[in-house]
Every structure is written in structure tokens, then in C-alpha cells.
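I have placed the structure first, in the form of C-alpha cells, so that the comments after it can refer back to it.
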Amino acid sequence: MIQKKLESFIGEYLKANSCEIQNWSVSANTKQGFGDYSSNIALILSKKIRQNPMEIAEKIVASHNKDESLFSLSATKPGFVNFHISVDYYLNILKKILDEGTDFGKPVKHAKTANVEFVSSNPTGPLTAGHGRNTILGDMVSSILTWHGYNVTREYYYNNAGKQMRMLTESSYAKYAKKIGRDVAPPESGYIGEYLDDIANEIIQKFGKNLDSDSVEFRKFTEKKIFDSIKGTLKSLGIEFDIFSEEQSLYENGAINNVLRRLEELSLSYKKDGATWFKTTSLGKKEDKVLVKSTGEPTYRLPDIAYHIDKVEREFDLIVDIFGADHIDTYPDVLLGLEALGVKTDHIKVIIHQFVTLKKGDEVVKMSTRKANFITLDDLVEQLGVDVVRYFFIMRGANSHLDFDFDLAKDESEKNPVYYLQYAHARISNLIIRYDNEIKEKTDLDMSLLNEKDEVSLIKKLSAFPTKMNELHQSLEPRKLATYLEEVAAAYHKFYGNHKVINLDNIPLSYARKNLCNATQIILKTGLSILGITAPEKM
RNA sequence: GCCCCGGUAGCUCAGCUGGAUAGAGCAACGGAUUUCUAAUCCGUAGGUCACAGGUUCAAAUCCUGUCCGGGGUACCA
């Protein structure tokens, strides 16, 4: 890529002058007036060879062969070396975008596998608005990896062995019992949502009124029904999972006991007060953590260690966990456990996101599945539409808190930047139809006619796409793609506003501009599809 | 107690693997409508980048401390 070439230019200069030095860089400029790229080499070098940086910069500029057509050089103020890339270079990229279409910028060889675990909410009720963030984030991260050539497994892990599910089963039975007139008190702090009434009715229809309280149907049927509803919600958001893994099986196949045994063998666990402790202090932590409570029930750490061993053994090249802030304290323990057992962890990437704070006006809504005072993800989709919902959850970086005012949601949805992107795409579609209707005449494509400021800056923006995607591959932050697409759309709207594409008096220019529009549309389409957002032809 | 995140324009936020003039949207004000879809564009105004030190040729960006706000967590008493 271009940056490498610029770096090697500097590198060769250094070599020719037998200077050995590190820490210098060539970076793209965001500001106007200093060329496309700049290097700080002279500033770094000045200290070492005790020379004025400006003089060094000018020497480097002078060393450049002026016949070189790719770029020209200049030196400015404190001592920057600026690279001005030739327009031809960008025009070539533009051609490449048109040739390669939505494959533009895609790395060819990767053939790797990745596992992305997300949502992983226990099937105790419908997905709430609060789950939306994890859900959307995980799906987009998966898409980013897919685009980069990974064969991605989307995995949903749920805990059906613990207290929550037992409570759900009892709550389900209580609803059933009440409907058929048995005198049964609902469990204390059980689940009370209306969705359980619906399920109870179905159970009556399907299995009749004579089920015992310990019938497996309460657990099985309730779990299945709730899962169906969760899957429905996910489907409406365009998300489908490849695998659902359950905690239960880790008990059944002995994986959990195995972890306990091995930790004991390594003297990394001990009993105290009837509980089993994980000796994390001997692994550099401040305090030990509980693996199995004195009640005999394991804490979340133990099954999660076993589950991660299982994932690692499935030999993915990359394992991504999308976790909410409640895991901040605990996931390091899980990794520690894996390392202690000699399981490789350096290909595990944990993405933690902060929670969403839901508000109604100024009032914060505390959501609880158990108490059934929640706004479902379905509600959001119904009110705002899939595209707005998807965009909404990645408008802030995963690591920042996200405030969501439900009262203003609809209001704000009209101002949602996603429309700005989609409008740019729709505008282009419309324009191309117009163009084909109005201009029948054929002409050769001459991109060099595109030399207006707005045109050039749009072309440069489009050219940055592969670099952006590369960054995205590193950071796995969908927001960065969204930000980039907003910039592309802005550059396009600006160009569109200031220049006519269809001009019957200048067909060659019209044609070149039409191709610029095509290229813009390709980039927008590719980006939007990675975000799982529709690219409309009309708005 | 321990941990995480944030404090940038009136509001909501970008920018934060250090770079040269701190950016958008909304709100305000003024302009563009015989339109290639105005869900757009052009312009004006708006900033001690919480505060204080430090590192550096260079700090909104890195380090330390302080203040303020949000959140998480414990077989926690």
C-alpha cells in the first residue's frame, strides 16, 4: 500500500545516510494543507544528530527524484516532511473500486475460522432492549470477521443448569397451577411476566390439566417456548446462530468435574468453610475466588472455564466473547483458569461493553426480567425499525455508556444518522436511473476530468476504505465503520450539492462523475451490508 | 472494599496506538427550492478539550494526582 512505499522512501534515505533510528512514522493527514501524508522523521532525527529539524526536512525533500510521479514532497514549519500523492494514484483506486465492486478491499487469502459468542442470555424471558447492545455488537463483529475471510460460527451459550432456570420452572408451574385452580403459592421472587401466562395456557392445551408439579414439561416446554421467542426476535433483526451450547452438558460429560480435579491436582484449589476456592492469589491476584459455593452450587467461573476449554478444543483460529459489564471482574479469572490448566488463550479476544441505561424522560428505568418491567427488543424494532435499532446500538463505542430515552426514541429516530447514509445511497440509485434515461451517448471514461475539490476529496475518502477495514479487523469496533460511512456520505452530499452530474453539454465529464457516483455507492453498499443495514434504492 | 467507563461548542457526541489550524449532528441565526429526490447543500455564531502537575521538539490524546458524574461486582457482614 501507499504508506509502505512512503516509509520505504524514508527508510532508503536513512540507509543512504547511514542513520539508524526508530520511532518515526508516516501517517495520513486529516487536516488540509499539509499534503496527504506526513512524516515526523526530521523531528525525531534532529535530536540524535543535533541539527535543526527544518534543515533535515529540506534535505530529505531535496533528495527526492522529481521525476518520480507517485508523489511530491514539501517541508513545513517545525520540520514535517509532507507527501503529496499524485491524483493518478487515487484515480487508479477509483478504477479498482469500479472493477472489483463489493469485493473491493477484501483480503484474498485468510481461510481462518472464528467463533463469536454473544447474546448468551438465559431463556427466562424475552430479549429486552438492554440485550440489544450485546446482540447487535456480536452480529456486527461476526460480519466484520466474515468479510475478512473468516469462517465464523455464531454461538449462543446459555445456562440451563442453575438457579435461574429452576426458578423459571417453578414460576411456570405456579402460573399453570393457578389457571387450573390448584392452590399453589408462586415462588418467592419468581418470574411474573405475562409471557408465562401464555405459556401456561399452551401447556394446558397440549398436556392437559393433570400434570404434576415435578413434570419435566414445565422445564422443557417453557424453555423451548421462550427460546422460540428469542429466536424470533433475533430473526427479525436478521440474526441467526449456528450453535446453541448449554451449560447442562458440561455437567453431564464430566467437563466440570474434570476442571475441578485438575485444579486440585495443581494445588490451585482448596476447601474452606464448605466452599471450594480457586487459589488465584498464587497466580498473582489479590484475593482468592469461590468456584463452588458451600451450597454445592458452582459460581459462574467454574462452568465458564470448562466451556472455554471446550471452545479452545474446537480449534478456532480466533475466539471472541462479547460480554456485558457484569463480566469485567470475572472474565480475567476464567482466562487465568485456562492458563493454569495449560490451555492456550492468546487467541481469545474479550469485548466488554458497558450497559445501556434506559430512561423515560429523566427517570431511569430499572429493567428486570424477573419482575417483568422491561421494554423488549421486539418493541424497539416495532417502533423504530431494524435499521435504526441496529445503528442506534453502535452509535457509541462499546466501552462507553449508552443512554437511551425511550420517550424520545421515535423523535430521535427521525434524526438518526442512518438515514443520512441511506439517503446518499438512494440518491445515487435515482441519479443513475436519471442518467441512463437522459444520456444515451457513449463516451470513453476519463477519470482525470474529476479535478474539482469536492470530487478529489470524495475520491480520497473512498480510497481509504481498505485501510479502514484493516483497522476494523484489529479493533472489531463497528462504530468506526459507521463513522467512516458517515464521512463518505457527507463527502458525497457535498459533491452532489455543489456539482451537477448530468450535464448534456459535457458528456465526458458527466460520464466520469456518474462513475464516481457508482464507486461511492459500492462503498456505501459494502459498508452497510457489513452493519446489516439495508441500502435502499429509494427513500 | 475492589473493578470499569465518562467529563471536548447551549445539547448529544466524534476525534484519543501523541503531531502542525480541535470536528459533526441537533438547537440559534442568514442563504440556496423552474432540484440530477431539500431526509440535502452553503454561510454566521458558538471551545481555558473538568482541574493541577509530569513526560515530550510536540499532549484533547500518554503518566500521576484531585474533583464531579455513570456503571459493575462479592459463597461480600
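Naming: A, B, ... by sequence-line order, numbering from 1 per chain.
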In whole Å, what separates the C1' atom of B:rG46 from that of B:rC51? 23 Å
Given the structure, check if the side chain of A:N399 and the base of B:rC4 hold any donor-acceptor pair shorter than 3.5 Å. no
What is the separation between atom CD on A:E486 and atom P on B:rU12, rounded to the nearest whole Å? 18 Å
From B:rA20, B:rC41, B:rG19, pick the nucleotide closest to the side chain of A:Y420? B:rC41
Would you mind telling me which of B:rC75, B:rC57, B:rA14 lies closest to the side-chain atoms of A:V290? B:rC75
For B:rC4 and B:rA58, measure between their C1' atoms and round to the nearest Å. 31 Å
What does B:rU73 pair with, Watson-Crick or G-U, if both distances are under 3.5 Å? B:rG1
When the C1' atoms of B:rA39 and B:rG6 are considered, how many whole Å apart are they? 32 Å
Would the number of heavy atoms belonging to other residues, nucleotides or ligands and lying under 6.0 Å from CG of A:D346 be above 12? yes
Which one, B:rA39, B:rA20, B:rC57, comes nearest to the side chain of A:T76? B:rA20
How close or far is atom C1' of B:rC57 from atom CD1 of A:I44, stated in whole angstroms? 9 Å
Hey, would you say the A:H353 and A:F323 ring centroids sit under 6.0 Å apart? no
Please report the shortest heavy-atom distance between A:N518 and A:L98, naming the atom on each side. CB-CD2, 3.7 Å
Using a 4.0 Å cut-off on protein heavy atoms (strictly under), produce a 5'-to-3' string for nucleotides 68-73 of chain B with B for base contact, S for backbone-only sugar-phosphate contact, and - for none. --BSBS
Among B:rA20, B:rC75, B:rC42, find the nucleotide with the atom closest to the side chain of A:K494. B:rC42
Does the ring of A:F80 lie flat against the base of B:rG19, closer than 5.5 Å centre to centre with planes under 30°? no
Has the side chain of A:N40 got a donor or acceptor that lies under 3.5 Å from a partner of the other kind on the base of B:rA20? no
With salt bridge (charged side-chain N to carboxylate O under 4.0 Å, His left out) as the test, would you mind laying out the steps for A:K59 and A:E55 before giving the verdict? CA-CA 6 Å; A:K59 268 190 206 162; A:E55 283 172 27; 5.9 Å; no
Are more than 12 heavy atoms from other residues, nucleotides or ligands located less than 6.0 Å from atom CG of A:N23? no
Using the C1' atom as the reference point in each nucleotide, state the distance between B:rA22 and B:rA14 in Å, no decimals. 11 Å
B:rC42 to B:rC5 separation - C1' atoms, rounded to the nearest Å: 39 Å
Options B:rA39, B:rC75, B:rA20, nucleotide nearest the side-chain atoms of A:M539: B:rA39
Are A:Y300 and A:H327 an aromatic pair, judged by ring center distance below 6.0 Å? yes
Considering Watson-Crick and G-U wobble pairs with both distances under 3.5 Å, what does B:rG43 pair with? B:rC29
Counting just side-chain N and O atoms, does A:R434 come under 4.0 Å of either OP1 or OP2 of B:rU37? yes
Determine the interatomic distance between C1' on B:rG1 and the same-named atom on B:rC63; round to the nearest Å. 26 Å
Taking the side chain of A:W277 as heavy atoms from C-beta outward, which of B:rU56, B:rA20, B:rC75 is closest to it? B:rC75
B:rC57, OP1 or OP2 - any side-chain N/O from A:K47 closer than 4.0 Å? yes
Parallel under 30°, tilted from 30 to 60°, perpendicular over 60°: which one fits the rings of A:F83 and A:F71? perpendicular
Partner nucleotide, any strand, of B:rC16 [Watson-Crick/G-U, under 3.5 Å]: none
How is A:E537 classified with respect to the nucleic acid when contacts are heavy atoms under 4.0 Å: base, sugar-phosphate, or nothing? base
A:R396 side chain near B:rC13 phosphate (N/O to OP1/OP2, under 4.0 Å): yes
Ring centroid separation for A:Y307 and A:Y157, is it under 6.0 angstrom? yes
Take the protein atom CG of A:L421 and the nucleotide atom P of B:rA14, then report the distance between them rounded to whole Å. 16 Å
Polar side-chain atom of A:H425 near backbone of A:P536 as donor-acceptor pair, under 3.5 Å: yes
Which nucleotide wins on minimum distance to the side chain of A:R479, given the candidates B:rU37, B:rU21, B:rG15? B:rG15
Contacts of A:T128 meeting side chain to side chain contact (heavy atoms under 4.5 Å, CB included) (sequence neighbours excluded), chain-then-number -> A:H131, A:M367, A:T369, A:F374
Considering only atom C1', compute the distance from B:rC13 to B:rU55 and round it to an integer number of Å. 30 Å
Could you give the distance separating B:rU48 and B:rU66 at their P atoms, to the nearest angstrom? 26 Å
Looking at B:rG19, B:rU21, B:rU40, which one has an atom nearest to any side-chain atom of A:K77? B:rU21
Only pairs with both distances under 3.5 Å count, Watson-Crick or wobble alike; so what is the partner of B:rG6 in this structure? B:rC68
Count the heavy atoms belonging to other residues, nucleotides or ligands that lie under 6.0 Å from NZ of A:K349, then report whether that count exceeds 12. yes
Side chain of A:N430 - closest among B:rG19, B:rU37, B:rC41: B:rU37
Please pick, from B:rC75, B:rG6, B:rU40, the nucleotide with the shortest atom-to-atom distance to any side-chain atom of A:S400. B:rG6
Is it the case that the side chains of A:H84 and A:S74 hold a donor-acceptor pair, with the cut-off being a distance below 3.5 Å and no angle test? yes
Ignoring hydrogens and geometry beyond distance, is the side chain of A:T483 in donor-acceptor contact with the base of B:rA24 at under 3.5 Å? no
RNA chain B-proximal residues of residues 502-520 of chain A, any heavy atom under 4.0 Å: A:I502
